[in-house]
Amino acid sequence: MNPTYQPGEVEARWYEVWESSGSFRPEVNPDGEPFSIVIPPPNVTGALHTGHALDHTMQDIIIRRKRMQGYAALWLPGTDHAGIATQNVVERELRAEGKTRHDLGREAFIERVWTWKAKYGSTITDQMRRLGDSTDWSRERFTFDEGLSRAVRRVFVTLYEENLIYRANRIINWCPRCHTALSEIEVEHEDHVGELIHIKYPFTDGSGYITVATTRPETMLGDTAVAVHPDDERYRDAVGKMLLLPILNREIPVVADEGVERDFGTGAVKVTPAHDPLDFEIGQRHGLEQIVVIDTEANITRAGGPYVGMDRFEAREAIRSELRELGLLDSVEAHSHAVGHCSRCRTVVEPLLSLQWFVEVQSLVDPAMDAVTSGDTTFHPRRWEKNYLNWMENLHDWCVSRQLWWGHRIPAWYCDACGETIVSMDDPTECSCGSSDLRQDEDVLDTWFSSALWPFSTLGWPDDTEDLAKFYPTSTLVTGFDIIFFWVARMLKMGLHFTGQAPFTDILIHGMVRDVETGAKMSKSAGNALDPIELIEEYGADSLRLSLIQAAAPGHDIPLVLDSIDAARRFGNKLWNAVRFVVEFMEVSDVPADGGYPEDPGPEDAWVLARLGEVTAEVDRLLDAYRLSDAFGLLYNFAWAEVFDWYLEMAKSISGADSARQGAMRQTLGVVTRDVLKLFHPVIPFVTEELWSHLGDGTTLLIVASWPEVPHSESPAEITSLQGIVTGIRQFRSQHQIPRKAEMPVIVTTSDALPLWWYNQVASLTGATPRAGDRPDPVAGHTRLSADGVEAFIPLTGLIDVDSERQRIAKSIAELEASIARSRTKLDNPNFRDRAPRDVVALEEQRLAETETEFEKQRIQLSELD
RNA sequence: GGGCGAUUAGCUCAGCGGGAGAGCGCUGCCUUCACACGGCAGAGGUCACUGGUUCGAUCCCAGUAUCGCCCA
C-alpha cells in the first residue's frame with residue numbers, strides 16, 4: 001500500500017466493480033423490505049454543480065446504508081428533458097450555423113434535439129458516476145421517454161375529463177425572449193428602483209383631472225378605465241364620470257372597485273385589463289374592454305396608435321416625454337418595486353392576456369395538505385411544513401402550456417369545421433361532426449408537468465408493474481428548498497390524485513451550497529460555481545462528499561470552503577494510513593465481513609468495543625433522524641481521536657504481549673477497523689471499499705456488507721484514570737519542555753490496586769516509568785496529578801524549576817476557587833435546593849466536594865513548595 | 001408590506017435550559033518503528049443588544065439592530 005492515499009485511480013476502479021457486480025440493484029437483497037428514492041432528475045442539458053453534489057451525496061448516504069441494512073434499496077436515476085433549457089441550447093447551436101428552429105421546421109428540430117441528447121445527454125450521468133452515486137442504472141428514466149410520455153398523456157386526458165384542466169384567456173407571464181408563457185413560480189421578482197409617474201387624466205366635461213400613479217406608463221395605451229376604492233371620500237363624486245385618456249383621446253370611465261389599494265399613489269389607478277392581473281379582475285367585474293397594446297416581442301401593437309412597433313421600454317420614455325409636453329405629467333418620484341424576470345434568461349417578463357391551458361389546482365390541494373398535516377408525509381426539518389402549507393393555501397391555477405417545440409405536445413385537437421376540442425389518449429382522425437380537418441394544439445406542456453409524475457411514472461404507471469407495486473410509494477425524497485413549490489408540492493398533488501397515496505413518506509430538505517466569498521447560490525447560470533468535477537480531480541470524490549455533508553446542518557445553507565475539502569482529504573489520508581498500519585504492521589487481515597468479535601477481549605479491547613457500540617448506536621439514531629452532518633461528525637472524531645489514536649497507540653504495546661492477549665487485540669483491531677469502514681462507507685464509499693479490500697477476507701464487497709451490529713461490551717473503569725493521568729503527564733512534559741527521552745519516574749497512589757495493564761499503558765503512552773507507591777511525605781518536590789480517584793506524583797528534582805511549577809499550581813488553584821465560589825452560591829440558594837431537579841442538586845454537591853478536595857490538596861502542595 | 005432564518009473563537013460553522021464545541025488558522029515542542037496530509041500540548045469567546053420567564057438562559061419569550069432568503 002502507498003504511504004499516501006491516491007483517490008484518482010481507486011475511484012475509477014471501484015465504480016466499475018460495483019456497477020458490474022449488480023450492487024446498485026435492489027435485487028442484491030432479494031428478500032429485503034423495499035426502500036426507494038427517486039432522484040430529482042437533473043436537466044439533461046446540465047452539468048453537475050456543487051448543489052447536485054450535496055443532494056446526491058445525501059441520497060447516496062441514505063441508500064447505501066439501507067442497502068447494507070438489508071433492504072431492497074432502489075435509488076432510481078434519470079434526467080429531465082427540461083423544455084426551455086434544452087431548446088435554448090440547441091437553438092444556440094443552430095444560431096452558430098446561421099439558422100433558426102423555424103428554418104428546420106418542428107419535426108426536424110425535434111429530431112435535432114434528440115441527436116443532441118444522444119451525443120451530450122450523458123454528461124451529467126457520467127459525472128454522477130464520478131461522484132459515486134449508487135443509482136440503479138438499469139432503471140434509468142427520462143421524462144420524455146416513451147413510458148413517461150404515456151403517463152403524461154394519461155394524466156392530461158384524465159384531468160381534462162375531470163374538468164381539472166381547461167383552456168382560457170388569462171393574464172399570464174410572458175417571456176419575450178423565450179417566446180413562451182411561464183408559470184408564476186418561473187418568475188423571479190427583484191426590487192428595482194424605478195419611477196412612480198403621476199399622470200393627469202382630464203374629465204371629459206372639463207371639470208379638472210384625476211391623477212393616477214403608475215410605474216408602467218406605456219400600458220396607459222391599453223387603459224379602459226380608472227378605478228378608485230368605493231369608500232374613498234376623495235373620489236366619491238368622480239365615480240361614474242368619464243375621462244379622456246391622454247395621447248389616444250379615448251373616453252374611459254371612473255369605476256369603483258374594492259380591489260384598489262387606497263394608500264398607493266393617489267388612490268386612483270389606471271386600469272389596463274390586458275396587461276395586469278389585478279386590472280384584469282377589475283375589468284372582469286366592470287365589463288371593461290381588454291386592449292392588448294404590447295405584443296409577444298414586447299413591442300407596442302397597432303392599438304398603441306403612434307407608438308406602434310416601439311419597444312416597451314423606449315415607449316415608456318417616449319410617452320413620459322409626450323405627457324410632459326402635454327402638461328399632463330404631474331410628478332415623477334423614485335420608487336422601489338418588484339419587477340418580474342424570467343427564471344431562465346433574466347428577461348423582464350410581460351404580463352399578457354393570452355389563450356393558454358391551465359390546471360385547476362384547488363381540488364388537488366386539500367389531499368396534498370392533508371398528507372402533510374396528518375403525518376403521512378413528514379418534512380425534515382419540520383419547519384418547512386408551515387412554509388409548504390402556507391404556499392398551498394394561496395395557489396392560483398397553473399398555466400401549463402408552453403410555446404415551445406421540445407416537450408410533451410398537448411394532446412388536444414381542434415376541429416376547424418365545428419370548433420370542437422378533442423382530448424384523447426389516441427390521436428383522433430375525425431371529429432364527431434364528420435370533419436377530418438383536425439389541428440393539434442401547437443403547444444407543449446410545462447416541464448414540471450412531467451416531473452410532477454416522476455415518483456410513479458418512473459416505476460411504470462399507468463401500468464400495474466412489479467416495480468410500482470414494490471417501490472411505490474417511495475420512502476424518502478431529498479431536495480433543496482428552492483423547488484418545494486415547483487416540484488415537491490406538485491408531486492404530492494399529482495401522486496395523491498392518481499395513485500391515492502402520497503408519493504413519499506419523508507422529505508429531506510437541504511439548503512443551497514453557497515460561495516463563501518459572495519454568499520451567492522452556486523449555480524451554473526450565476527457563473528460562480530466551483531466545478532465539482534475539478535474538485536473531485538483535485539481532492540477526490542470522497543473528500544468533496546464528506547466536506548459537503550459535514551457542513552450541511554439540517555435545513556441551512558452550506559458554505560463551501562476549499563479548506564474544508566482539504567481537511568476531508570487529509571482525513572482520508574489518515575484513515576488510509578491507519579488501516580495500512582493495521583494491515584501491514586499489526587498484521588491484521590482476512591477480517592470476516594461480519595461478526596468476529598473477540599470472545600475474551602482484553603481490557604483495552606473491551607473499552608474500544610464498548611465505545612464502538614455506543615458510537616454505532618448514536619450514529620444510527622442520528623442517521624434515522626436525518627442528522628447526517630452530526631452523525632458523521634461524531635464518527636469522524638471517534639475514528640480519529642479514539643480508534644486510530646488512543647486505541648491504536650495502546651495496541652502497539654500489546655503487540656509485544658503474550659499470544660492470547662495479542663490475538664484478542666488483533667481480532668479487536670480487525671473488527672473495529674472494519675466497522676469504522678462500514679459506518680463511514682455511505683459517505684466516503686471509495687476509500688472505505690479500497691481499504692476493505694486490503695483488510696477483509698475477500699468474500700464480500702463493502703457496498704453490500706452488513707451494517708454493524710456491535711455486541712455489548714463492558715468498558716473497564718480504569719480507562720478514565722488512565723487517560724487522565726496520561727494526559728496529565730503529557731501536559732506536565734509539554735509545560736516544562738521536558739524531552740520524551742528524559743527519564744520520568746511516576747509514583748501512583750490509589751485506594752484500589754490498579755491492574756498491570758494500566759501501568760504498562762501509562763509507560764507506553766508517555767515514556768514515563770510509573771510504579772505503585774505511597775504518597776510522598778512531604779509532597780514537596782513533586783508535582784501532583786489526579787484523575788478519577790487516582791493520584792500520581794512526579795519528582796521535580798532536576799526536571800523543572802520550582803517557580804514555573806508554583807505558577808502552574810497557583811493558576812489551577814485560582815480556577816478551583818472560582819468554581820467553589822460558584823457552586824456555593826448555587827447551593828446556598830434555598831430556591832435552588834427546592835426547585836431544581838434532585839439529580840442536578842446532587843451533581844452540584846458532588847462537584848463542590850470534589851473541587852474542595854482537589855483545592856485542599858493543591859493548597860498543601862503549594863505551601864510545601866515554599 | 002407579509003413570512004422564514006441567521007447573529008457563538010481570527011475564519012467557516014455546530015450546539016440550544018444546569019460550567020462553551022469542531023474544522024481551518026495561530027503559538028510551543030516532537031523528524032518516537034502508519035500518517036509532518038502527522039503527534040503532543042497551548043492561546044483565543046460579556047454566545048449581537050435590551051428587557052422578561054426561571055432556582056438557573058448562549059439556549060425559552062418579547063422587543064431592538066444588522067444581514068440573508070422566500071412571498072406580495
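Quick note on labels: first sequence line is chain A, next is B, and so on, each numbered from 1.
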Given the [atom1] atoms of [N] and [M], what is the spacing between them in whole Å?
| N | M | atom1 | result |
| --- | --- | --- | --- |
| B:rA9 | B:rC70 | P | 27 Å |
| B:rG52 | B:rC11 | C1' | 35 Å |
| B:rU7 | B:rU50 | C1' | 15 Å |
| B:rA43 | B:rC33 | P | 29 Å |
| B:rU46 | B:rG28 | C1' | 29 Å |
| B:rA14 | B:rG21 | C1' | 7 Å |
| B:rG44 | B:rA62 | C1' | 34 Å |
| B:rU31 | B:rC40 | C1' | 14 Å |

Pairing residues for [X] by the salt bridge (Lys or Arg N to Asp or Glu O under 4.0 Å) criterion, not counting sequence neighbours:
| X | value |
| --- | --- |
| A:Asp630 | A:Arg627 |
| A:Lys270 | A:Asp223 |
| A:Glu689 | none |
| A:Glu537 | A:Arg130 |

Determine whether a donor-acceptor pair (N or O, by modelled atom type, separation under 3.5 Å) exists between the side chain of [X] and the backbone of [Y].
| X | Y | answer |
| --- | --- | --- |
| A:Thr766 | A:Val762 | yes |
| A:Asn173 | A:Val349 | no |
| A:Trp576 | A:Met1 | no |

Whole Å only: how far is the [atom1] atom of [X] from the [atom2] atom of [N]?
| X | N | atom1 | atom2 | answer |
| --- | --- | --- | --- | --- |
| A:Ile484 | B:rC4 | CD1 | P | 15 Å |
| A:Leu622 | B:rA14 | CG | C1' | 12 Å |
| A:Gln6 | B:rC37 | CD | C1' | 11 Å |
| A:Arg730 | B:rG42 | CZ | P | 11 Å |
| A:Asp482 | B:rC71 | CG | P | 10 Å |
| A:Leu546 | B:rC37 | CG | C1' | 15 Å |
| A:Trp576 | B:rC35 | CH2 | P | 14 Å |
| A:Leu575 | B:rC37 | CG | P | 18 Å |

#### Entry: Sugar-phosphate only, base, or nothing, as touched by A:Arg733 at under 4.0 Å among non-hydrogen atoms
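No contact.
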### Message
Base, sugar-phosphate or nothing for A:Asn829? Non-hydrogen atoms, less than 4.0 Å.
### Response
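Sugar-phosphate contact only - A:Asn829 comes under 4.0 Å of backbone atoms but never of a base.
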### Message
Going by side-chain hydrogen bond (donor to acceptor under 3.5 Å, both in side chains), name the pairs with one or both residues in residues 667-676 of chain A, residues two or more places apart or in two chains.
### Response
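Sorted pair list: A:Tyr597-A:Arg674, A:Tyr597-A:Asp675.
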### Query
Quick one: are the ring centres of A:Phe571 and A:Phe632 less than 6.0 Å apart?
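When the ring centroids of A:Phe571 and A:Phe632 are compared, they turn out to be at least 6.0 Å apart.
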#### Entry: For RNA chain B, stems built from three or more consecutive Watson-Crick or G-U wobble pairs below 3.5 Å
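The stems that RNA chain B takes part in, listed by first number, are B:1-7 with B:65-71, B:10-13 with B:21-24, B:26-30 with B:38-42, B:48-52 with B:60-64.
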### Task
Could I get the full list of side-chain hydrogen bond (donor to acceptor under 3.5 Å, both in side chains) partners for A:Asn577, not counting sequence neighbours?
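Residues passing side-chain hydrogen bond (donor to acceptor under 3.5 Å, both in side chains) with A:Asn577: A:Arg580.
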### Message
Using the side-chain hydrogen bond (donor to acceptor under 3.5 Å, both in side chains) criterion, which residues pair with A:Glu587? Sequence neighbours excluded.
### Response
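Listed in chain order: nothing, the list is empty.
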### Task
Please name all residues satisfying side chain to side chain contact (heavy atoms under 4.5 Å, CB included) with A:Arg569, sequence neighbours left out, ordered by chain then number.
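A:Arg569 satisfies side chain to side chain contact (heavy atoms under 4.5 Å, CB included) with A:Tyr539, A:Ser543, A:Asp566 only.
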## Note on the structure
In B/S/- notation (B base, S sugar-phosphate only, - none; protein heavy atoms under 4.0 Å), nucleotides 15-28 of chain B written 5' to 3' is ---BB---SS---B
Pairs under 3.5 angstrom only: tabulate donor-acceptor contacts from the side chains of residues 839-849 of chain A to other protein residues two or more places apart or in another chain.
unit_1   : atom_1 : unit_2   : atom_2 : d
A:Glu844 : OE1    : A:Arg847 : NH2    : 3.1
A:Glu844 : OE2    : A:Ser823 : OG     : 2.8
A:Glu845 : OE2    : A:Arg833 : NH1    : 2.8
A:Glu845 : OE2    : A:Arg833 : NH2    : 3.4
A:Gln846 : NE2    : A:Glu850 : OE2    : 3.0

Below 3.5 Å is the cut-off: list the nitrogen or oxygen pairs between protein and nucleotides 31-34 of chain B, distance only.
unit_1 : atom_1 : unit_2   : atom_2 : d
B:rA34 : O2'    : A:Asn577 : OD1    : 2.7
B:rA34 : O2'    : A:Arg580 : NH2    : 2.5
B:rA34 : N7     : A:Lys652 : NZ     : 3.3
B:rA34 : N6     : A:Glu649 : OE2    : 3.2
B:rA34 : N1     : A:Lys574 : NZ     : 3.4
B:rA34 : N3     : A:Asn577 : O      : 3.3
B:rA34 : N3     : A:Ala578 : N      : 3.4

### Query
For A:Lys386 and B:rG2, is the shortest distance between a side-chain N/O and OP1 or OP2 below 4.0 Å?
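It does not, given that no N or O in the side chain of A:Lys386 lies less than 4.0 Å from OP1 or OP2 of B:rG2.
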### Message
Can you tell me if A:Gln550 touches the phosphate of B:rC13, counting only side-chain N or O atoms and a distance under 4.0 Å to OP1 or OP2?
### Response
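So the side-chain polar atoms of A:Gln550 never come under 4.0 Å of the phosphate oxygens OP1 or OP2 of B:rC13.
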